[in-house]
Structures are given as structure tokens and as C-alpha cells.
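In what follows, every chain begins at residue 1, and chains take the letters A, B, ... in the order their sequences are listed.
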Number of protein chains: 2
Amino acid sequence: MNVKFKCNCPFTSALDIVGEKWLLVIVKQMLIEGKETFKEFTEADEAIATNILTAKLKFLEETGIIFKTQRPDNKKTNLYLLTEKGLALTPVLVELAFWGDKNLRDIHPIIVNGEAMEFLRNDKMAFANEIEKKYKEKLTTINYLH
Amino acid sequence: MNVKFKCNCPFTSALDIVGEKWLLVIVKQMLIEGKETFKEFTEADEAIATNILTAKLKFLEETGIIFKTQRPDNKKTNLYLLTEKGLALTPVLVELAFWGDKNLRDIHPIIVNGEAMEFLRNDKMAFANEIEKKYKEKLTTINYLH
DNA sequence: TTTTTTACTTGTGTTTCGCAAGCAAAATTA
DNA sequence: TAATTTTGCTTGCGAAACACAAGTAAAAAA
């Protein structure tokens, strides 16, 4: 692995891991958009170059935020899923979206603003819990090698 | 300004601004460590190269997260202070620290673990409110040009 | 008036990133 | 089963961001 912690500050240490470009975007795509495979990540709105994607998925796996597995009937396509450690980032993402919703509309007016955003605005914690719950349910539902 | 939003996703849009390297570190130094001047930032544990610091402070000012001012008795030294928009990032930082505290100690055991961390662990929202309150009090106390 | 401090710039490598192309192995199809 | 497609990943190359050292002008301090 290749993690260098700048210091012993809890804030900065978290940023040393999760502040790297693309990492939280990938976690969001897994958590919010249900993306699971290499191909799905490359097809995202926020397109990541494949070489970067490879490196970032490797890093996320090494740090225990995601794990790599497969469907029993497909030995080619890898499945990337969030660990508990990764799921625990949900509140961070929720706070980011909450902040963006309240503070970014002046310079970026077309941020999506649907029912989900309304739910998030009204009760951040309930929203985070709901998302985590759904992801955990999905993990019990889908068929993959443990 | 030089902001390019990847898409209209609230999560990604926040990251387009605040996911840039060093930005949240600088905000943390202002919020948690009370740093205000260019020199104080360069003296931090997490040392930023001066040219990068210049660029990042400029970006933070342009996006309205901080504002630049001066003390009335010192026309040389700039004062960098958080706006409401910047202060609103407190919950994001708190969630980051909370996550790091719970999930990073296995690979980085010496993350500081004092009273403040205990407070944060026990009640994230109270901790965030306390920090924001203190910063606002400070703004009313210190003498600077409005 | 000289010296120091402060905010910032410049210059030079180095690293990271973005884009296009390509590749091997597995899966699909014909 | 032979040919084609899909998938995960690598390579090469130019561009951008970053780190480090040095320097500068203006204000402040001595």
C-alpha cells in the first residue's frame, strides 16, 4: 500500500485516505447508484479514465473500503462491493451533499433537486440510515462468492 | 474562477469544490486550530508549499468559503477567515474525523485520542455546534476590517 | 534608515492525471 | 469448436497539478 499520513490529526488522517481524487466519487457511485462492475464505473456521468479507475479500485480494496469478488456464474467480471468500513462513509457523503445543496446553487444552479434531495434536507440521519440499510439488504440478496 | 462541475449530482458537485487537495485541510486549520494568516498555514504540521497555498486561498476566496481581510493596525498581514459557507463545512469535517477515528486506527494507530475526540465520538452534532459557536464568537471578538 | 516580516511569484523537476490505443482471458455467438 | 465480443487492465504520451527552493516587493519593526 502507499498511504502516507501527514500527521496524527483525526481530520487530516481521514483526508489522507479519502481525500484522494475520485475515491469518494467511486464510493458514491456504489452506494447511491448501485454500481458494481468495472464497466459500470467507466460508463458513469463522471467518467474516470480506466487506468485511474484501476489504481483507485486497488487502493480502495487495500484500505478495506471495498472488496472484490465475483458472481458464481461469471469468472471474468469482478464485483466491487462496499465493506462495513466503506459503508461507514455514508454520513460523510450525506453531509457533503447537504452542504452542496445549500451552498452551491448560486454557482451551479442545476444540481438535481428531487424527492431524494428533499428527504436528505429534512432528515440527514434518516436518509443516511435508509441508504445504508438498502445497501446491506442488497448484499444479502445478490449472489456472490464470499 | 475555474470550477468545472462534472455533472448535476449533489454529491459530486460538492466534491468538485471541496474535494480538491488541501482545501479541507486549510478549512480544518482555520476552524480547529484557529489559523488566520498566510504564515500560520505554512507553519502547520501539514506543510503546504507556498505557491499551492496561494492558489488554494485564492480558490477558497473565489468560491466564498473564506474571505480575506486585515487587522486595522496591520496593512501587510492578511487575515483569512471562514464565511458562513465555510463554517457550514463543519459537519463534513466532523464526520470525516468520526470515520477516521473508527476505521483508521488499524493502519494508523497514533491518531490523537484526547478529550476532544471523546466529545466528538459521543455527540457529533454537539461537537460541531460547539466548534461553530466558538468560531462565530471569535469573529465578533477579533478586530478586523469589514 | 536598515533590517525583518509577510504574502506572493518564479523556476525547475516530479508526480499525477487524462486520453487513446491495445491486450489477454473469459464469455458469448454462430 | 471456431470466431466474436465483453471485461478488466496495461502502456504510451502529452498535459496539468504539485513539491521544493529561491527570490521579490511592500509593509512593519528595529
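- Here Phe41(B) lies out of heavy-atom contact (under 4.0 Å) with every strand.
- Residue pairs that meet the ring-ring contact (aromatic ring centres under 6.0 Å, His included) test with at least one member in residues 22-50 of chain A, sequence neighbours left out, do not exist here.
- Less than 4.0 Å separates DNA chain C from at least one heavy atom of each of the following residues of residues 48-56 of chain A: Ala49(A), Thr50(A), Asn51(A), Ile52(A), Lys56(A).
- Atom pair Lys39(A):NZ and dA26(C):C1' shows a separation of 15 Å (rounding to whole Å applied).
- Shown here are the side-chain contact (heavy atoms from CB on, under 4.5 Å) partners of Lys39(B), two or more places apart in sequence or in another chain: Thr37(B), Thr42(B), Glu43(B).
- At a threshold of 4.5 Å between non-hydrogen side-chain atoms, the residues Lys136(B) and Glu84(B) count as touching.
- With values rounded to the nearest 0.5 angstrom, Glu36(A) atom CD is found 5.0 Å from Arg71(A) atom CZ.
- Partners of Tyr144(A) by ring pair (Phe, Tyr, Trp, His ring centres under 6.0 Å), not counting sequence neighbours, listed by chain and number: Phe67(A), His146(A).
- Listed in residue order, the members of residues 27-35 of chain B having a heavy atom less than 4.0 Å from DNA chain D come to none.
- As a whole-Å value, the separation of Glu36(B) CD from dA7(C) C1' is 16 Å.
- Summarising the geometry, the separation between CG on Asn78(B) and P on dA7(C) is reported as 6 Å, rounded to the nearest angstrom.
- Taking atom CG on Leu79(A) and atom C1' on dA27(C), their separation rounds to 16 Å, with Å as the unit.
- Remark: Tyr80(A) is not in phosphate contact with dT7(D), judged by side-chain N or O atoms under 4.0 Å from OP1 or OP2.
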For residues 26-33 of chain B, which side-chain N or O atoms pair as donor and acceptor with protein atoms under 3.5 Å away, sequence neighbours left out?
residue  : atom : partner  : partner atom : Å
Lys28(B) : NZ   : Thr12(A) : OG1          : 3.0
Lys28(B) : NZ   : Glu33(B) : OE2          : 2.9
Lys28(B) : NZ   : Glu46(B) : OE2          : 2.5
Gln29(B) : NE2  : Glu46(B) : OE1          : 2.8

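- The phosphate of dC8(C) has OP1 or OP2 within less than 4.0 Å of a side-chain N or O from Lys68(B).
- Under 3.5 Å, the side chains of Asn74(A) and Thr77(A) contain a donor-acceptor pair of N or O atoms.
- By the side-chain contact (heavy atoms from CB on, under 4.5 Å) test, Pro109(A) is found to be paired with no residue, residues two or more places apart in sequence or in another chain being considered.
- Taking Phe5(A) as the reference, His108(B) meet the ring pair (Phe, Tyr, Trp, His ring centres under 6.0 Å) condition, with sequence neighbours excluded.
- Across the protein-nucleic acid pair, Phe38(A) atom CZ and dG8(D) atom C1' stand 5 Å apart, rounded to whole Å.
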Using a 3.5 Å cut-off and no angle test, enumerate the donor-acceptor pairs between side-chain atoms of residues 48-56 of chain B and protein atoms at least two apart in sequence or in another chain.
residue  : atom : partner  : partner atom : Å
Thr54(B) : OG1  : Thr50(B) : O            : 2.9
Lys56(B) : NZ   : Glu20(B) : OE1          : 2.7

Detail all sub-3.5 Å separations between protein N/O atoms and N/O atoms belonging to nucleotides 28-30 of chain D.
residue : atom : partner  : partner atom : Å
dA28(D) : OP1  : Lys75(B) : N            : 2.4

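- Regarding Glu20(B), its CD atom lies at a distance of 14 Å from the C1' atom of dC17(C), rounded to whole Å.
- Take Asp101(B) and apply the side-chain hydrogen bond (donor to acceptor under 3.5 Å, both in side chains) test, not counting sequence neighbours, and it matches Arg105(B), Arg121(B).
- The ring pair (Phe, Tyr, Trp, His ring centres under 6.0 Å) search around Phe127(B) returns Phe119(B), not counting sequence neighbours.
- The CD-P distance, from Gln70(B) to dT5(C), rounds to 19 Å in whole Å.
- Looking at which nucleotide of DNA chain C each of Glu40(B) and Trp22(A) is closest to, the 5′-most match is held by Glu40(B).
- Rounded to a whole Å, the NZ atom of Lys21(A) is 12 Å from the C1' atom of dC18(D).
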